[in-house]
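Quick caveat, the model's predicted, so the values are computed rather than measured.
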Amino acid sequence: MSVAVGSLADVTPTGTGKAESKAARPAESRLGLVRRARRINRELALTYPDARAELDFTTPLELLVATVLSAQTTDVRVNATTPELFARYPDAAAYAAANPEELEEILRPLGFYRAKSKAVIGLGRALVDRFGGEVPPKLADLVTLPGVGRKTANVVLGNAFGIPGITVDTHFGRLARRFGWTTSEDPVKVEQEVGELVEKREWTMLSHRLIWHGRRVCFARRPACGACSVAQWCPAYGIGETDPERALAMVRSNPVRPA
């Protein structure tokens, strides 16, 4: 992975190291907003060419279960737990018939293991009873399953079925607001408003790119603005560390590409 800092002079023409005030910036047209959103997406594609779902899976069912289990824990911890889980329960019928105590023991490292065990068993039963044991490739069907909302459904559709979907997690929502693509805190409205800016074919990969960027650079409390590949197109530039060297030291997981 690589990150381009870009020309910070284009972002902070006053040389103060802080973003311009809203009053100092001219109003952005709708066309300008669309162009800027697509430019950010293209640059993030260069920054994160390997962006993908960070949950390990080989089938739609495995991704669905892993995504449900990922609530209130890390993908790393889920990935450490699912090999045993997937080997023990290879299909929806196996989850539906699972012994709760045995399943809880496997899921114990994830926290909230009793609730998660109940959710996975309920999910298996619903798939068996209503969808012949198969994960349905439709949003309207997926969101009827226990523990499955639009975010989980879009993860499964985009990554297991190749059907474009926008996954609005905390990282995606935060970055979409910082980029000025939306002002909403409502995930459904964020999904709708961002979807109107970026080509539908890009929705799934855009989700991965924003999530990766949010985890590695654009942190919630103090983003590494000086090491951000899309700094020159971001109206929130300057809310975090702008010094390139100090910002670079903050970046997690991957090296950065010089300007």
Side-chain angles (χ1 to χ4, degrees), residues 52-173 185-192 194-195 200 203-208 211:
R52 64 189 186 283
E54 295 188 273
L55 291 169
D56 296 336
F57 71 97
T58 60
T59 68
L61 177 62
E62 288 182 357
L63 179 58
L64 179 60
V65 170
T67 306
V68 169
L69 294 177
S70 69
Q72 297 178 298
T73 190
T74 66
D75 290 351
V76 171
R77 188 166 291 178
V78 174
N79 288 340
T81 302
T82 50
E84 180 183 358
L85 179 72
F86 295 160
R88 182 80 65 88
Y89 306 100
D91 52 36
Y95 286 114
N99 178 288
E101 289 75 19
E102 292 179 0
L103 183 55
E104 287 172 9
E105 195 58 34
I106 296 174
L107 301 182
R108 186 180 294 272
L110 302 180
F112 304 98
Y113 58 91
R114 290 192 178 91
K116 291 184 177 183
S117 173
K118 183 177 180 180
V120 170
I121 291 173
L123 184 61
R125 289 173 178 171
L127 288 172
V128 169
D129 292 344
R130 294 195 274 121
F131 299 104
E134 300 296 323
V135 177
K138 294 182 179 179
L139 179 67
D141 291 333
L142 284 168
V143 296
T144 67
L145 296 169
V148 179
R150 289 185 67 92
K151 180 178 76 172
T152 296
N154 279 322
V155 168
V156 173
L157 290 174
N159 296 282
F161 293 109
I163 299 171
I166 292 176
T167 303
V168 183
D169 72 349
T170 56
H171 300 290
F172 189 101
E185 298 281 345
D186 177 7
V188 175
K189 191 170 183 181
V190 172
E191 179 185 336
Q192 176 185 357
V194 174
K200 185 174 182 178
W203 287 357
T204 299
M205 289 309 302
L206 174 69
S207 300
H208 292 322
I211 291 169

Asker: Ignoring hydrogens and geometry, is there a side-chain-to-backbone donor-acceptor pair from T82 to L85 under 3.5 Å?
Answerer: no
Asker: Heavy atoms only: give me the nearest S207-G165 pair and the separation to one decimal.
Answerer: OG-O, 3.6 Å
Asker: How about F86: does its CZ atom have over 12 heavy atoms from other parts shown lying under 6.0 Å from it?
Answerer: yes
Asker: Mark yes or no for whether T81, through its side chain, and R77, through its backbone, hold a donor-acceptor pair below 3.5 Å.
Answerer: yes
Asker: To the closest 0.5 Å, what do you measure between CG (L61) and OH (Y95)?
Answerer: 5.5 Å
Asker: Just by distance, do the side chain of N79 and the backbone of D56 share a donor-acceptor pair under 3.5 Å?
Answerer: yes
Asker: Decide yes or no for T73 and F112: does some side-chain heavy atom of the first lie under 4.5 Å from some side-chain heavy atom of the second?
Answerer: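 Side-chain contact under 4.5 Å: no.
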Asker: Any side-chain heavy-atom pair from L64 and L145 closer than 4.5 angstrom?
Answerer: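 With C-beta onward as the side chain, the pair touches.
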Asker: Nearest 0.5 Å, what's the CD1-NZ distance between I106 and K116?
Answerer: 14.5 Å
Asker: Using 0.5 Å steps for rounding, measure from the CD1 atom of I166 to the CG atom of L157.
Answerer: 12.5 Å
Asker: Work out which heavy atom in I163 is nearest to a heavy atom in P137; give both atom names and the distance.
Answerer: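 Heavy atoms of I163 and P137 come nearest at CD1-O, 3.4 Å.
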Asker: I'd like to check L142 versus V135 (side-chain heavy atoms, cut-off strictly below 4.5 Å). Are they in contact?
Answerer: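 A side-chain contact under 4.5 Å exists here.
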Asker: Applying the side-chain contact (heavy atoms from CB on, under 4.5 Å) criterion to L139, which one of T144, V148, N154 satisfies it?
Answerer: N154
Asker: Please indicate whether R130 has more than 12 foreign heavy atoms, meaning atoms of other residues, nucleotides or ligands, lying under 6.0 Å from its CZ.
Answerer: yes
Asker: For E104, is there an ion pair with R108 - N to carboxylate O distance below 4.0 angstrom?
Answerer: no
Asker: Kindly compute the distance separating OG1 (T167) from CZ (F172), expressed to the nearest 0.5 Å.
Answerer: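 Output value for this atom pair is 8.0 Å.
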Asker: Is there a side-chain contact (heavy atoms from CB on, under 4.5 Å) between R88 and E102 once you walk through the steps?
Answerer: CA-CA 10 Å; R88 182 80 65 88; E102 292 179 0; 4.0 Å; yes
Asker: If you round to the nearest 0.5 Å, how far is OH of Y89 from CD of E62?
Answerer: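 That separation rounds to 14.5 Å.
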Asker: Tell me the closest heavy-atom pair linking A96 and G124, and the distance in Å.
Answerer: CB-C, 3.8 Å
Asker: So, for A98 and L103, which heavy atoms are closest and what is the spacing to 0.1 Å?
Answerer: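 That closest heavy-atom pairing would be CB-CD2, 4.3 Å.
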Asker: Between the main-chain N or O of Y113 and the side-chain N or O of S117, is there a donor-acceptor pair closer than 3.5 Å?
Answerer: no
Asker: Return each pair, listed once, that meets salt bridge (charged side-chain N to carboxylate O under 4.0 Å, His left out) where at least one residue sits in residues 133-154; pairs must be two or more places apart or across chains.
Answerer: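 Residue pairs with at least one partner in residues 133-154: R150-E191.
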Asker: Looking only at heavy atoms, which two atoms of V156 and P60 are closest? And how far apart?
Answerer: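 Result for this residue pair: CG1-O, 4.5 Å.
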Asker: If I compare all heavy atoms of A53 with all of N159, which pair ends up nearest, and what's the gap?
Answerer: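 In this case the closest contact between A53 and N159 is CB-OD1, 3.9 Å.
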Asker: Look up atom CD1 in I211 and atom CD in E54, then write down how far apart they are to the nearest 0.5 Å.
Answerer: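 Reported to 0.5 Å precision, the distance equals 8.5 Å.
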Asker: Are any non-hydrogen side-chain atoms of V143 and T152 less than 4.5 angstrom apart?
Answerer: no
